[in-house]
Chemist: 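Below is one structure. I have some questions about it.
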Amino acid sequence: MGDLYNFHCSCCGYDADVSGGDDAGMMVLTTTIQCEDCQDLQDIITAWVWGDVASPKNGTPKFECPKSPDHPIKKWEAGGQCPRCQVMMENKGQTVSWD
């Protein structure tokens, strides 16, 4: 089961409900990315899980912004910087468990 957490920036007020790194549900593996063009944090699917085996989504995982594959992205981990103002974001706690 995966979990989402609310990450808040006290400087600019940006909020994001994301896993804050690598996560796993019963059917998918995810990771949190930061899109430099959108200035947002998002979770993306990195693999589908079938039984005990994880296989890349459509072959090789594509680490890309869901809005445009041309947007530059990077992996984001809990405790990282705000994508809008670069101040460290605070974990305000779990918001949802997903499966």
Side-chain angles (χ1 to χ4, degrees):
M1 178 173 293
D3 296 304
L4 298 182
Y5 298 88
N6 178 259
F7 293 94
H8 175 76
C9 177
S10 61
C11 181
C12 72
Y14 176 70
D15 276 303
D17 289 331
V18 293
S19 295
D22 294 334
D23 206 356
M26 290 183 64
M27 301 287 289
V28 295
L29 301 179
T30 65
T31 197
T32 304
I33 61 163
Q34 173 184 333
C35 176
E36 294 179 17
D37 282 0
C38 297
Q39 295 185 319
D40 282 327
L41 300 177
Q42 301 176 38
D43 286 328
I44 60 169
I45 295 172
T46 57
W48 297 98
V49 179
W50 305 107
D52 291 338
V53 178
S55 62
K57 178 183 175 188
N58 299 327
T60 303
K62 293 182 180 180
F63 296 97
E64 61 187 33
C65 174
K67 294 181 184 174
S68 173
D70 296 328
H71 289 179
I73 64 154
K74 60 183 176 183
K75 192 170 178 177
W76 189 87
E77 296 283 337
Q81 294 179 332
C82 174
R84 297 188 180 174
C85 71
Q86 284 65 56
V87 169
M88 301 308 273
M89 294 190 73
E90 180 182 354
N91 184 343
K92 293 294 208 173
Q94 183 180 358
T95 57
V96 127
S97 287
W98 59 271
D99 211 10

Chemist: Once side chain to side chain donor-acceptor pair (under 3.5 Å) is applied, do any residues pair with Asp40, and if so which ones, sequence neighbours excluded?
Modeler: Tyr14, Arg84
Chemist: Could you tell me which residues satisfy side chain to side chain donor-acceptor pair (under 3.5 Å) with Asp37, sequence neighbours excluded, listed by chain and number?
Modeler: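 If we apply the side chain to side chain donor-acceptor pair (under 3.5 Å) test to Asp37, skipping adjacent residues, there are no hits.
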Chemist: Listing request: all side chain to side chain donor-acceptor pair (under 3.5 Å) pairs with a residue in residues 66-83, at least two apart in sequence or in separate chains.
Modeler: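 Sorted pair list: Asp22-Lys75.
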Chemist: Determine the sole option in Asn6, Asp43, Thr30 for which the side-chain contact (heavy atoms from CB on, under 4.5 Å) test with Val18 is passed.
Modeler: Asp43
Chemist: Return the CE to SG distance between Met89 and Cys11, rounded to the nearest 0.5 Å.
Modeler: 11.0 Å
Chemist: Measuring from atom OG1 of Thr32 to atom CZ of Phe7, what distance do you get when rounded to the nearest 0.5 angstrom?
Modeler: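 Separation between the atoms: 7.0 Å.
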Chemist: In this structure, would Leu4 and Val28 fall into the same cluster of hydrophobic residues linked by side-chain contacts under 4.5 Å?
Modeler: yes
Chemist: Hey, what do you get for CE (Met88) to SG (Cys82), rounding to the nearest 0.5 Å?
Modeler: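 Atom-to-atom, Met88:CE and Cys82:SG are 11.0 Å apart.
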Chemist: Mind checking the CD1-OG spacing from Ile44 to Ser19? Nearest 0.5 Å is all I need.
Modeler: 11.5 Å
Chemist: If hydrophobic clusters are built from ILVMFWY residues whose side chains come within less than 4.5 Å, do Leu41 and Trp98 share one?
Modeler: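 The answer is no; the residues belong to distinct hydrophobic clusters.
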Chemist: Not counting sequence neighbours, which residues clear side chain to side chain donor-acceptor pair (under 3.5 Å) with Lys92? List them please.
Modeler: none
Chemist: Could you work out, with side chain to side chain donor-acceptor pair (under 3.5 Å) as the rule, every residue matching Ser97, not counting sequence neighbours?
Modeler: Asp3, Gln94
Chemist: Between CZ of Phe63 and OG1 of Thr31, what distance do you get to the nearest 0.5 Å?
Modeler: 6.5 Å
Chemist: Could you tell me whether the side chain of Asp99 reaches within less than 4.5 Å of the side chain of Met26, counting heavy atoms only?
Modeler: yes
Chemist: Going by heavy atoms in the side chains, are Val96 and Tyr5 under 4.5 Å from each other?
Modeler: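 Val96 does not reach Tyr5 side chain to side chain.
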Chemist: Could you tell me which residues satisfy salt bridge (charged side-chain N to carboxylate O under 4.0 Å, His left out) with Asp15, sequence neighbours excluded, listed by chain and number?
Modeler: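 Asp15 satisfies salt bridge (charged side-chain N to carboxylate O under 4.0 Å, His left out) with no other residue.
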Chemist: Got a second to check how far His8's NE2 is from Asp17's CG, nearest 0.5 Å?
Modeler: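 Result: 12.0 Å between the selected atoms.
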